Amino acid sequence: MALSRGAQTRLKDALFHITTPIFYPNAKPHLGHLYSSLLCDVSSRWRAMQGYNTLFTTGTDEHGLKIQNASEKNGYSNPKQFVDVLYREFVKLDQMANIGYTRFIRTTDEDHIRAVRELWNRCWERGYIYKGEHEGWYSISDECFYPESKVVQLQDNGQELPVGSLKIREDEKFINIETRNEVVYHSESNYFFKLSSFQTKLLEFLETENPHFIYPPSRRDQIVNELRDSKLRDLSISRPSSRIKWGIDVPQDPSQKIYVWFDALCNYLSSVGGLQAILSNSQVSVKHTFTNQLEKPRDLWANTTHVIGKDIAKFHTIYWPSFLMAAGVPLPKKVVVHGHWLSGGIKMSKSIGNVVDPLDMISHYECDPVRWYLLENSHIEADGDFREERLHATREQIVSKWGNLLNRCCSNRFSISRAVETFAGQAATPEDNAKILAGHEVQESYLELVQLVKVLPELYSVHMQQLETRAALKLLWDVIGKANVFVQVSTPWLKSGKEQDLIIFTAIEIVRLTSILAQPIIPTLSNAFLDRIGVDKDSRDLSCTHLGADLLYGKGSNDKAREVPIKKVKFRGTT
Ligand SMILES: Nc1ncnc2c1ncn2[C@@H]1O[C@H](COP(=O)(O)OP(=O)(O)OP(=O)(O)O)[C@@H](O)[C@H]1O
């Protein structure tokens, strides 16, 4: 699903690459996955509107013990067959939710496997990988070892005991205190990555050289404090093939498989052609939906943003930069860390099963209201709590406020095209125009609205740039709300001539401008609104977001039946 490339020809050299985490296809995706993808989609569409050349990568993380186990549990002898079925669920969600990625990468893709080996070899050649013995507390579910300080023994009565003083017996249950997943004591030969060599470099990078690398700043501070307070230990980055069959072989040592995180994080390099492509910055073939060639991989990489949930911040802000530094590859631009959607007060998660099915929500409430709801009821820094009644209320508001404004202007008592002809592109000041309107209250309401609209695109842009979608959408609601009040107090149905035209022009301009600005948020509905009032497809970009910018729309809009492109639906959940 490629985005329209139209706008992008204008800013040929401005590059933007955004990535979701790649998701484990061990079960169907839930609302949390949609949220990460949606943030990326909105960002990518917004940048495309600004004229950037955008690339948007998402995909599935298909190797490792968790997949191997899930595949066996589901009766598959070959994990590839299992992921071949489940990755489609993620693709389907993207299609249903209108997520316009340019590459869906699977870690079983050939070019990705090549890129992982390339990264491994380079870290090996530069002396950052060595072979050693590893023993400790291992979580199958989290696929990592934990230090003893993060492990407790869980007794039958729910009591937790520190493990330090215990003699370990096989029948006892131990868990990690953060993820609450079971851990077992385990010893094996592994390859290690010299993570400990990067403590100072990472701190320098995050604190001094690039303090904006992690967004929001509260997350950066968390990571920086962690780096200051605890010493980084070398990281085991392979597993014996006897235990993990489903993974990429360590180059030159097939008795070991590459650790899934080393493998998965590398997808970000694969999607821009691998590390050599970045180092050389020369044209490389990579499949995206709109091209098979990337011109300047390093320039693109320098403009890459990773969007992730807070559960995987450590992997993206400590491990990933260290792997790249070890390989001598420059770091991407940014890591945006968002909060979680909760269910029953805890993180919505496939493993726990406390999930909301986004496809079910989309099938009843439609795609765009779900998108709007998620973006309006979340904040990058905070966790969100899904409530179906709020989703329904959001939809109602779109119909009754936005739809109603459009509907009112499309009445056959008015003429949008005449109003546009009279007032679009004219030189008169708002104060001059206000004199056309009868009554002080109406004039005040008009001037307030015009003032609001004047600053709207810029304020909206500031919020969209930082992915502050809640604040961006509030701006749209404010102006739509005020436009409805203006129509109410100015009673255009009782007016005629220039006065009526000015009221209708002002109100329909609000519909036009908000619809243009809302395209990244609700791509289908906003364009349906613009279609309804005959706005030309070439007049829907950011250069058209000031009052009177479009001289030509509205023809025939008042002759059609007064339906709007969105209708009410019933709330079908329980409050
Ligand atoms: N509840 C959630 N809220 C927001 N984002 C989420 C949520 N769950 C998953 N994600 C997104 O998916 C990423 C993790 O993907 P993963 O497939 O591991 O999801 P998961 O449901 O936590 O899986 P599992 O329970 O199998 O570990 C997160 O970093 C985040 O981007």
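Counting starts at 1 for both ligands and their atoms, in listed order. Keep in mind that this is a model prediction, so the values were computed, not measured.
When only interatomic distances are considered, the shortest N/O to N/O separation between F23 and ligand 1 does not fall below 3.5 Å. Considering both main-chain and side-chain atoms, P21 never comes within under 3.5 Å of ligand 1 through any nitrogen or oxygen pair. In terms of N/O distances under 3.5 Å, ligand 1 is not approached by Y35.
Annotation for R243: atom CZ counts as buried by contact number, over 12 foreign heavy atoms lying within 6.0 Å. Atom NZ of K150 has 12 or fewer neighbouring heavy atoms from other residues, nucleotides or ligands inside a 6.0 Å radius. The environment of NZ in K80 is crowded: more than 12 heavy-atom neighbours from other residues, nucleotides or ligands sit within 6.0 Å.
Using a 3.5 Å distance cut-off with no hydrogens or angles, the side chains of H30 and N354 do not pair a donor with an acceptor. No donor-acceptor contact under 3.5 angstrom links the side chains of E188 and Q256, judged on distance only.
Given atom 18 (O) of ligand 1, the protein heavy atom at minimum distance is Y24 CD1, 3.7 Å. Among all protein heavy atoms, the one lying closest to atom 28 (C) of ligand 1 is D311 OD1, 3.4 Å. Annotation: atom 3 (N) of ligand 1 to nearest protein heavy atom, W341 N, 2.8 Å.
Listed by number with element, the atoms of ligand 1 under 4.0 angstrom from any heavy atom of I312 are 29 (O). For ligand 1, the atoms closer than 4.0 angstrom to any heavy atom of K347 are 1 (N), 7 (C), 8 (N), 20 (P), 22 (O). Those atoms of ligand 1 with a heavy atom of S36 less than 4.0 angstrom away are 11 (C), 30 (C), 31 (O). If you number the atoms of ligand 1 from 1 as listed, the ones under 4.0 Å from a heavy atom of G339 come out as 4 (C). Close approach of ligand 1 to M348 is summarised as follows: ligand atoms under 4.0 Å from at least one heavy atom of the residue are 1 (N), 2 (C), 7 (C), 8 (N). Near S351, meaning under 4.0 Å from one of its heavy atoms, ligand 1 places the atoms 24 (P), 25 (O), 26 (O), 27 (O).
Residues Y319 and W261 place their aromatic rings such that the two centres sit no closer than 6.0 Å.
A heavy-atom separation below 4.0 Å is not found between S141 and ligand 1. Using a non-hydrogen distance threshold of 4.0 Å, K310 does not register as a contact of ligand 1.
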request  = In sequence, state the C-alpha distance, the side-chain angles, and the governing distance for L269 and L324, and then conclude on side chain to side chain contact (heavy atoms under 4.5 Å, CB included).
outcome  = CA-CA 10 Å; L269 290 183; L324 293 170; 4.1 Å; yes
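Heavy atoms of N26 found under 4.0 angstrom from ligand 1 belong exclusively to the side chain. Within the 4.0 Å heavy-atom criterion, both parts of S349, backbone and side chain, lie near ligand 1.
In summary, of the residues considered (F323, F192, F198), a ring pair (Phe, Tyr, Trp, His ring centres under 6.0 Å) with Y128 occurs for F198 alone. Each of T57, D109, T19 was checked for a side chain to side chain donor-acceptor pair (under 3.5 Å) with R103, and the lone residue meeting it is D109.
In this structure, the ring-ring contact (aromatic ring centres under 6.0 Å, His included) partners of F145, at least two apart in sequence or on a different chain, are H134, Y138.
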